[in-house]
Novice: 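One structure follows; several queries about it will come next.
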Number of protein chains: 2
Amino acid sequence: MTIGQKIRELRENAGLKQRELAYKLGVGEGFLSKVENDQKPLKREDLTKLNELFKTPIEELESLWLANKLYSIVRDEESALTALKVAEEQVKYKNLKNA
Amino acid sequence: MTIGQKIRELRENAGLKQRELAYKLGVGEGFLSKVENDQKPLKREDLTKLNELFKTPIEELESLWLANKLYSIVRDEESALTALKVAEEQVKYKNLKNA
DNA sequence: TTGTACTTGTCTAAATATGGTCAAATTTAA
DNA sequence: TTAAATTTGACCATATTTAGACAAGTACAA
């Protein structure tokens, strides 16, 4: 599940056209299309709007949004998986220290 | 292990001062200090130089370098771990498709 | 075949990240 | 207690990313 897939799912379940959701978000429909196809990132603040519009947990939107950002960085990398795991270790280590 | 820690380790094992390695890399010592403390990223091309200087596997340098970039993005994020895992799934899925 | 929905390519301004410098402060070692 | 080594803070130019607009193209029903 990507952030784009999630947004499309939410929109379709609400019976909205791209143009309608785009209007509610204050962007053009072309842009929303790219967002749903994970070709462009949505502005982070707009996650709040999605949360209000669709009553969906903001935590899930945030983590999918962030995951998309990470993926776009490692997508073409040889060492993608290794790097992700190393970063994970670093996060865990930091969490330990601050616990 | 972070990229900064790795670089420091390599430098110290080679018996070099920061100023000496900085010179070989063509940067100032202040900058190298920040690199070793993971406060600044090293230019990616310079990984090749490190590889040549210290005969250390480039793959490890690359993945640590990339991990550092990822970590700097998720460092202050609530959903850091979840996002990393989601990104991991996406990488695995992509690898399956292209296999 | 015309309209509706969606996608895609090209372009842009503004924001952010990169890749540093330099001087001053601090730490460590002799 | 100095001197050498390292760290830190402030600053800066350039490169890249973000967050879009807009027009043209495609897909598909009616």
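Quick caveat: nothing in here was measured; it's all calculated off a predicted structure. Sequence lines set the chain letters: A, B, ... in the order given, protein chains first and strands last, and positions in each chain run from 1.
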Novice: With a 4.0 Å cut-off on heavy atoms, is B:Leu32 in touch with a base, just the backbone sugar-phosphate, or nothing at all?
Specialist: nothing
Novice: Do B:Lys43 and C:dG19 have a side chain to base donor-acceptor pair shorter than 3.5 Å?
Specialist: no
Novice: When you match A:Arg8 and B:Trp65 each to their closest nucleotide on DNA chain C, which lands nearer the 5' end?
Specialist: A:Arg8
Novice: Check every strand shown and say whether A:Lys40 touches a base, only sugar-phosphate, or nothing at a heavy-atom separation below 4.0 Å.
Specialist: base
Novice: Would you sort out whether A:Leu21 and A:Phe54 count as a side chain to side chain contact (heavy atoms under 4.5 Å, CB included), showing the intermediate values?
Specialist: CA-CA 11 Å; A:Leu21 176 56; A:Phe54 302 120; 4.0 Å; yes
Novice: Considering heavy-atom distances to DNA chain D, does A:Gly30 or B:Gly30 have its closest nucleotide positioned more toward the 5' end?
Specialist: B:Gly30
Novice: Roughly, in whole Å, what's the span from CZ in B:Phe31 to P in D:dC12?
Specialist: 18 Å
Novice: Check the phosphate of C:dT7 against A:Gln39, side-chain N and O only, distance under 4.0 Å to OP1 or OP2. Yes or no?
Specialist: no
Novice: Please confirm whether the shortest side-chain N or O distance from A:Ser33 to OP1 or OP2 of C:dC6 is below 4.0 Å.
Specialist: no
Novice: Between B:Leu42 (CG) and C:dG19 (P), how many Å, whole number?
Specialist: 8 Å
Novice: Look at all strands and tell whether A:Gly28 reaches a base, only sugar-phosphate, or nothing, counting heavy atoms closer than 4.0 Å.
Specialist: sugar-phosphate
Novice: Less than 4.0 Å between a side-chain N and a carboxylate O, is that true for A:Glu88 and B:Lys85?
Specialist: yes
Novice: Please check if the side chain of A:Ser33 supplies one atom and the backbone of A:Glu29 the other of a donor-acceptor pair under 3.5 Å.
Specialist: no
Novice: State whether B:Asn37 places a side-chain N or O below 4.0 Å from either non-bridging phosphate oxygen (OP1 or OP2) of D:dT6.
Specialist: no
Novice: Using only side-chain N and O atoms of A:Gln18, determine if any of them is under 4.0 Å from OP1 or OP2 of C:dT4.
Specialist: no
Novice: I want to check one thing: is the phosphate of C:dT4, taken as OP1 and OP2, less than 4.0 Å away from some side-chain N or O of A:Arg19?
Specialist: no
Novice: Rounding to an integer number of Å, can you tell me how far B:Lys69 NZ sits from C:dT16 P?
Specialist: 17 Å
Novice: Surrounding CD of A:Glu78 (heavy atoms of other residues, nucleotides or ligands, distance under 6.0 Å), is the total greater than 12?
Specialist: no
Novice: Does a distance-only test, which skips hydrogens and angles, find a donor-acceptor pair under 3.5 Å between the side chain of A:Lys34 and the base of D:dG20?
Specialist: no
Novice: Tell me whether the side-chain N/O atoms of A:Arg44 come closer than 4.0 Å to OP1 or OP2 in C:dA15.
Specialist: no
Novice: When you get a sec, tell me which of D:dA21, C:dC6, C:dT18 is the closest nucleotide to the side chain of A:Lys17?
Specialist: C:dC6
Novice: Counting neighbours of NZ on B:Lys94 that are heavy atoms of other residues, nucleotides or ligands and sit closer than 6.0 Å, is the number greater than 12?
Specialist: yes
Novice: Whole-Å distance between C:dG19 P and B:Leu25 CG?
Specialist: 13 Å
Novice: Would the number of heavy atoms belonging to other residues, nucleotides or ligands and lying under 6.0 Å from CZ of A:Arg8 be above 12?
Specialist: yes
Novice: Could you state the atom-to-atom distance from CD of A:Glu36 to P of C:dT8 in whole Å?
Specialist: 12 Å
Novice: Please work out if A:Glu29 contacts a base, only the sugar-phosphate, or nothing of the nucleic acid, heavy-atom cut-off 4.0 Å.
Specialist: base
Novice: Separation of A:Leu21 atom CG from C:dC6 atom C1', in whole Å?
Specialist: 13 Å
Novice: CG of B:Asp38 versus C1' of C:dG19: gap in Å, rounded?
Specialist: 16 Å
Novice: How many Å lie between CG on A:Asn68 and P on D:dT17, as a whole number?
Specialist: 14 Å
